[in-house]
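Let me begin by presenting the structure, written as structure tokens, before commenting on it.
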Amino acid sequence: MSGHNTIPGEKQLAIDKRYLKMARIWASNSYCKRRQVGALLVKDKMIISDGYNGTPAGFENKCEEENDTTKSYVLHAEANAITKVAKSNNSSDGSTLYITTSPCMECSKLIIQSGIIRVVYQEKYRITDGLDLLERAQIELVHLPEIED
């Protein structure tokens, strides 16, 4: 990744850190053992959606198979937040996604198509093709690895 992460102004940085902290708290709702990820969608200073990784509605709350691999149908936190906003009267167009782990390729496609213009994330996932795609789509990326509790 060529690293075109933007550095927000001081006031925006304080806001970004606060929402990222909230996303981290939200991640603790996940039943997944291998990795808990939380996401918040914010527009006009208002949380319009939230999500954490887990199985689809109505499925068992168990993310891993017996051999400890993640089940193929587990939804990522950002996919949950985006699909939740799709069922509401809100629009994600022009919003910011706060996510505890950087998005994968599949979620990055959803981010682009849903009109999200900023992605603020804490942990960079080892596979960065999703970030590369977002950068190519000129979505503002903000990496904030150090967030105090």
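The chain is numbered in sequence order, starting from 1.
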With rounding to the nearest 0.5 angstrom, report the [atom1] to [atom2] distance, [X] to [Y].
| X | Y | atom1 | atom2 | value |
| --- | --- | --- | --- | --- |
| Arg24 | Tyr98 | CZ | OH | 15.0 Å |
| Lys43 | Ser49 | NZ | OG | 12.5 Å |
| Ile112 | Leu133 | CD1 | CG | 4.0 Å |
| Asp129 | Arg136 | CG | CZ | 12.0 Å |
| Gln122 | Glu146 | CD | CD | 9.0 Å |
| Asp44 | Thr96 | CG | OG1 | 10.0 Å |

Close side-chain approach of [X] to [Y], heavy-atom, < 4.5 Å:
| X | Y | result |
| --- | --- | --- |
| Arg118 | Asp16 | yes |
| Val142 | Leu13 | no |
| Thr55 | Lys62 | no |
| Tyr73 | Pro56 | yes |
| Val37 | His76 | no |
| Tyr19 | Ile47 | yes |
| Pro103 | Leu131 | yes |
| Gln12 | Ile15 | yes |

Of the non-hydrogen atoms in [X] and [Y], which two are nearest, and what is the gap between them?
| X | Y | value |
| --- | --- | --- |
| Gly130 | Ser108 | O-OG, 3.0 Å |
| Ile139 | Ile116 | CD1-O, 3.5 Å |
| Trp26 | Gly51 | CD1-O, 3.3 Å |

So which pairs with a foot in residues 81-94 pass side-chain hydrogen bond (donor to acceptor under 3.5 Å, both in side chains), sequence neighbours left out?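 For residues 81-94, and leaving out neighbouring residues, the side-chain hydrogen bond (donor to acceptor under 3.5 Å, both in side chains) pairs sorted by first residue read Asp50-Lys84.
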Between [X] and [Y], is there shared hydrophobic-cluster membership here, with clusters defined by ILVMFWY side-chain heavy atoms closer than 4.5 Å?
| X | Y | answer |
| --- | --- | --- |
| Leu75 | Ile82 | no |
| Ile117 | Leu20 | no |
| Val74 | Phe59 | no |
| Leu110 | Met105 | yes |

Do Tyr52 and Asn80 meet the criterion of a side-chain donor-acceptor pair at a distance under 3.5 Å?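 Their side chains do not contain a donor-acceptor pair, so the 3.5 Å distance test is not met.
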Distance-only, no hydrogens or angles: does the [X] side chain make a donor-acceptor pair with backbone N or O of [Y] under 3.5 Å?
| X | Y | answer |
| --- | --- | --- |
| Glu64 | Lys33 | yes |
| Glu135 | Leu141 | no |
| Thr100 | Ala23 | no |
| Asn67 | Thr69 | yes |

Is it true that atom [atom1] of [X] has more than 12 heavy atoms of other residues, nucleotides or ligands lying nearer than 6.0 Å?
| X | atom1 | value |
| --- | --- | --- |
| Glu60 | CD | yes |
| Glu65 | CD | yes |
| Asn61 | CG | yes |

Any residue meeting side chain to side chain donor-acceptor pair (under 3.5 Å) with Ser30, in chain and number order, not counting sequence neighbours: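 Residues passing side chain to side chain donor-acceptor pair (under 3.5 Å) with Ser30: Asn53.
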Would you please name every residue forming a side-chain contact (heavy atoms from CB on, under 4.5 Å) with Glu123, sequence neighbours left out?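 Partners of Glu123 by the side-chain contact (heavy atoms from CB on, under 4.5 Å) criterion, ordered by chain and then number, come out as Arg35, Thr101.
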